[in-house]
Amino acid sequence: MTQDYLKGLNEQQREAVLHKDGPIMIVAGAGSGKTKVLTTRIAHLMSHHRVDAFNILALTFTNKAAKEMKERIEKILGNSDARNLYVGTFHSVFARILRSEAHHLGYPNSFTIYDTDDAKSVVKTVINEMNLDDKLYKPNIVYNRISSAKNALVGPAEYAQDYYIQQEDNRSNRPAIAQIYAAYAKRCFKNGAMDFDDLLIKMYELLKHFPESLHKYQHKFKYILIDEYQDTNPAQYEIIKLLGAAYENVCVVGDDAQSIYSFRGATIQNILQFQKDYDDVKVIKLEQNYRSTKNIIHVANEVINNNKGQIPKQLWTDNTEGEKIRLVRTMSDNEEGKFVADTIQEQKLRNHYSNRDFAILYRTNAQSRAFEESLRRMGIAYTMYGGVSFYARKEIKDMVAYLRVIVNTRDEEALKRIINYPVRGIGKTTIDKLLLLANENNITMWEVLENARQAGFKAGTLEAIENFVTMIKSCQSMLQTKNAYEVAFHVGKQANIVKELFNDKTVEGLQRYENVQELLNSIKEFTETPSNDDGEVGDKSLGSYLQQITLLTDADEKDPNADTVKLMTIHAAKGLEFPVVFAAGLEEMLFPNAMSINTREELEEERRLFYVVITRAKQKLWITYANTRYKFGQLQQNEPSRFIEEIPQQYLDRSFAGGGIRNQGAGYSQGSAFDRMRGFGASEQAEKIYGPPPAKRKDTVPSYVPPKTAPKVVEHKPAADFVPSDTSNLQAGQKVEHQKFGFGTVLKMEGSAHNPVATVQFELNGEKKIMLNYAKLRIID
DNA sequence: GACCTTTTAGTTTTT
DNA sequence: CTAAAAGGTC
């Protein structure tokens, strides 16, 4: 086999690809081609070393990255062997493995995966059952505490015994968190459910306590590759250590300068520890950047140099010098939005950029609003990432809850959600009684329902319960013979959900109905798509579907190639690149965020975040900040971010930065009187002028596409001798002239003989449907 | 037990 | 400011 794929690599990249066995760590600077190295390396292992795809595990940071990686490998190999690779995120790969090994741990194989909402709800339940004050023990705080413990592989027992942890909890006056943690873990297990962190913890426990499973997966995954290694946490580290112990063919790729997930337990320690735990680690540095201009790279380097204790490396590039980084100050957050939208419009016209070339990146999701509004005003299509995901919508969660109960009746969270939705006469009093009985007898809520007759409910209540149980059971029996889609469809009908939503004729009701239809479509697509990305025989069951959707993020579903401006947090932009980037909201308290300025570590992570946003840009970078900004409806004054001062003046163009005479005419720092008077940002007014707010997203679709107004007709002067032809025998492919639209080609003929309609592609005015009974066309040939 | 009104808490980042 | 929770009424 030819090895053409090696030709496009530089020396270090090639070395990383050719290294076959033994641990290797690739320190890859931003834009240095790490994905290329990973994909080429896998392709090389497969084609040159004849490593079976089934024996390779590649862990990525998003599902989308996993999919892309497979596609790129397939392209290099020129065959479909890559389909058998095990590629995915830590969470989705482990979920898949746990699904087949769950019985060892006492979980049903169709265990539910709890998202953060579910998990917090369980925490809340537990807190209430323990009669603790939920004003003090806020579910949010408690959950985060538990999550941190889990990511550090600290179980409930260890948590309770650890002196320092207990000190912390005592100091914050919440000594009972250890007990809550224990009760929470117990409850999740009883519910047959794992939260996100459990997917790691349980995987670890499986490998740790079940030697057969350990042996099986150690020898299955002869080669392990991990992307974005700087963002792995101790739980992930230990799992990889176990999995990789047999062969030590572990390849990690990361950049300590881009570590931005410490709030999720990620630690750069994993990079340092790697070299200690594995023998003879080969270390390769990729320092040449292929993405950005010299100016951008210089600025990035200068900024990150303010952090202590970096792995020494110097990012450089052969690319052109490029333009200076532009710094812009505006009076308010709304004007910041306006400036960015205006600039995008201007750049599109002046430099022939498309919408897809732009990204607006910010620190917090709440900042998106001003940009959405101004883009909509300008009629610029955009896609917003983050925010409420499709599967987090109420109507979707309701529907999914039914499916969850059918697949796993132990799932109490789902059961509570649907037991009286739609209203069927099982109200709060009854539910409380059910829960009490379940707890007293140490059985699940579902088991109480099944035996409701013995519990002494009123006749009406008992009937309602029995009807409910019968319905769920009939759906369960359907699972034996029907596919996931048919069952879901049946549920929607049986439970009266679809009909109920259908009868709601409000705009929101209509949207909800469509969302449920969309969910059904997605289930259908799932059941009918032959092979999954998982390298195992595709599991098309409902349980498999449910587990999968919980782990989807909207980045996984949205089309990155859509011609839209992309809006997202800097965290979500990791690994992406754009020709033109707007780094927005560079203000003290916001970026660096007020929550993260208390320790040097926190501040350095904010700086790495700034480094990440700078290095997303290929050609042009704007940095914007606002003097004032609304927070909780309150006007806040903000200082410019300290990070701005870390950029050397020589790389900055401050001509738009506002302040003083240099800003004359720019208009953004003051805002026009017109804007101030009508209060730019009043969404009601914007709506009157510019149409309704963006449709609630179906995830695959851009957040906003400007309404199609009748495109302006480019006037065509008909020839002086224009005489309409007889078009009764007009055929597709013929060239015609229209008096107004000009010259064009007939694409197809439709309509009846009495009312023929031609679809014509006009050179100047695009595709039009022409009714031949009315329009006059001259046939050219 | 359902429905309406009032109050209050929240914004850091996410699998 | 806004979404969710609590509280009060029929």
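FYI, side chains are in, hydrogens and waters are out, and symmetry mates aren't considered; it's all heavy atoms of this structure. Per chain, numbering begins at 1; letters A, B, ... match sequence-line order. In this text, all values refer to a predicted model and were calculated from it rather than measured experimentally.
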Out of B/dT13, B/dT11, B/dT12, minimum distance to the side chain of A/Ala366 belongs to B/dT11
If you restrict it to nitrogen or oxygen atoms, what contacts under 3.5 Å exist between nucleotides 7-10 of chain C and the protein, and what is each distance?
none

For this session: Kindly indicate whether the side chain of A/Arg264 and the base of B/dT13 share any N or O donor-acceptor pair separated by less than 3.5 Å?
Result: no
Could A/Lys566 and A/Phe578 be counted as a cation-pi pair, given that NZ or CZ must be under 6.0 Å from the ring centre and within 45° of the axis?
no
Within the structure shown, what part of the strands sits under 4.0 Å from A/Thr569 by heavy-atom distance: base, sugar-phosphate, or nothing?
sugar-phosphate
note: A/Leu609, atom CG; B/dT14, atom C1'; distance rounded to Å ~ 13 Å
Rounded to whole Å, CG of A/Asn233 lies from P of B/dT14 at a distance of 16 Å
Base-pair string, DNA chain B, Watson-Crick plus G-U, cut-off 3.5 Å on both distances, | for inter-strand, is ||||||||||.....
A/Asp198 side chain to A/Asp195 backbone, donor-acceptor under 3.5 Å = yes
note: A/Arg417, atom CZ; C/dA4, atom C1'; distance rounded to Å ~ 13 Å
Less than 6.0 angstrom from the centroid, inside 45 degrees of the normal: does A/Arg96 satisfy that with respect to the ring of A/Tyr86?
yes
Distances under 3.5 Å between nitrogen or oxygen atoms of protein and nucleotides 7-9 of chain B:
none

Could you tell me whether the phosphate oxygens of B/dT13, OP1 or OP2, come under 4.0 Å of any side-chain nitrogen or oxygen in A/Asn365? yes
Out of B/dT15, C/dC1, B/dT13, minimum distance to the side chain of A/Phe632 belongs to C/dC1
**Asked** Can a salt bridge be assigned to the pair A/Glu168 and A/Arg174 using a cut-off of 4.0 Å between side-chain N and carboxylate O?
**Response** no
message = A cation-pi test, strictly: NZ or CZ of A/Lys394 under 6.0 Å from the centre of the six-membered ring of A/Tyr421 and no more than 45 degrees from its axis. Yes or no?
response = yes
To the nearest angstrom, the CZ-C1' distance between A/Phe90 and B/dT14 comes to 15 Å
Of the listed B/dG1, B/dT15, B/dT12, the closest approach to the A/Thr89 side chain comes from B/dT15
Practice problem: Give one of base, sugar-phosphate or nothing for A/Thr430, where a contact means two heavy atoms less than 4.0 Å apart. | Solution: sugar-phosphate
By nearest-heavy-atom nucleotide on DNA chain B, the more 5' of A/Leu552 and A/Thr429 is A/Thr429
Regarding the side chain of A/Asn420, the nearest nucleotide among B/dA2, B/dT15, B/dT11 is B/dA2
Practice problem: Output yes when A/Glu205 and A/Lys202 qualify as a salt bridge under the 4.0 Å nitrogen-oxygen rule, no when they do not. | Solution: yes
Closest to the side chain of A/Val423, out of B/dA2, B/dT15, B/dT13, is B/dA2
query = When rounded to the nearest Å, what value does the distance between C1' atoms of C/dA4 and B/dT13 take?
reply = 22 Å
In whole angstroms, the gap separating P of B/dT11 from OH of A/Tyr630 amounts to 21 Å
Item to complete: Return yes if some donor-acceptor pair links the side-chain N/O of A/Glu228 with the main-chain N/O of A/Val253 below 3.5 Å, else return no.
Response: no
Against the side chain of A/Phe263, the closest entry in C/dT2, B/dT14, B/dT15 is B/dT14
Regarding A/Lys433 and the six-membered ring of A/Phe457, is the cationic atom NZ or CZ under 6.0 Å from the ring centre and inside 45° of its axis? yes
Exercise. With the threshold set at 4.0 Å, does a side-chain nitrogen-carboxylate oxygen contact exist between A/Lys138 and A/Asp134?
Worked result: no
Rounded to whole Å, NZ of A/Lys120 lies from P of B/dT14 at a distance of 12 Å
Taking atom C1' in both C/dA6 and B/dT11, compute the distance separating them and give it to the nearest angstrom.
22 Å
A/Leu603 atom CG is separated from B/dT12 atom C1', nearest whole Å, by 14 Å
In terms of heavy-atom contacts, A/Asp556 and A/Leu551 come closest through OD2-O, 4.1 Å
For this session: Examine A/Arg264 relative to A/Tyr261 and say whether NZ or CZ is less than 6.0 Å from the centre of the six-membered ring and inside a 45° cone about the ring axis.
Result: yes
Rounded to whole Å, NE2 of A/His571 lies from C1' of B/dT13 at a distance of 4 Å
Answer yes or no for this row: A/Tyr261 ring on B/dT13 base, centroids under 5.5 Å, planes under 30°.
no
Sorted by position of nearest nucleotide on DNA chain B, 5' first, the leading residue of A/Asn140 and A/Phe196 is A/Asn140
* **Electrostatic pair A/Glu413-A/Arg417, nearest N-O below 4.0 angstrom** => no
Residues A/Asp255 and A/Gln230: closest non-hydrogen pair is N-OE1, 3.0 Å
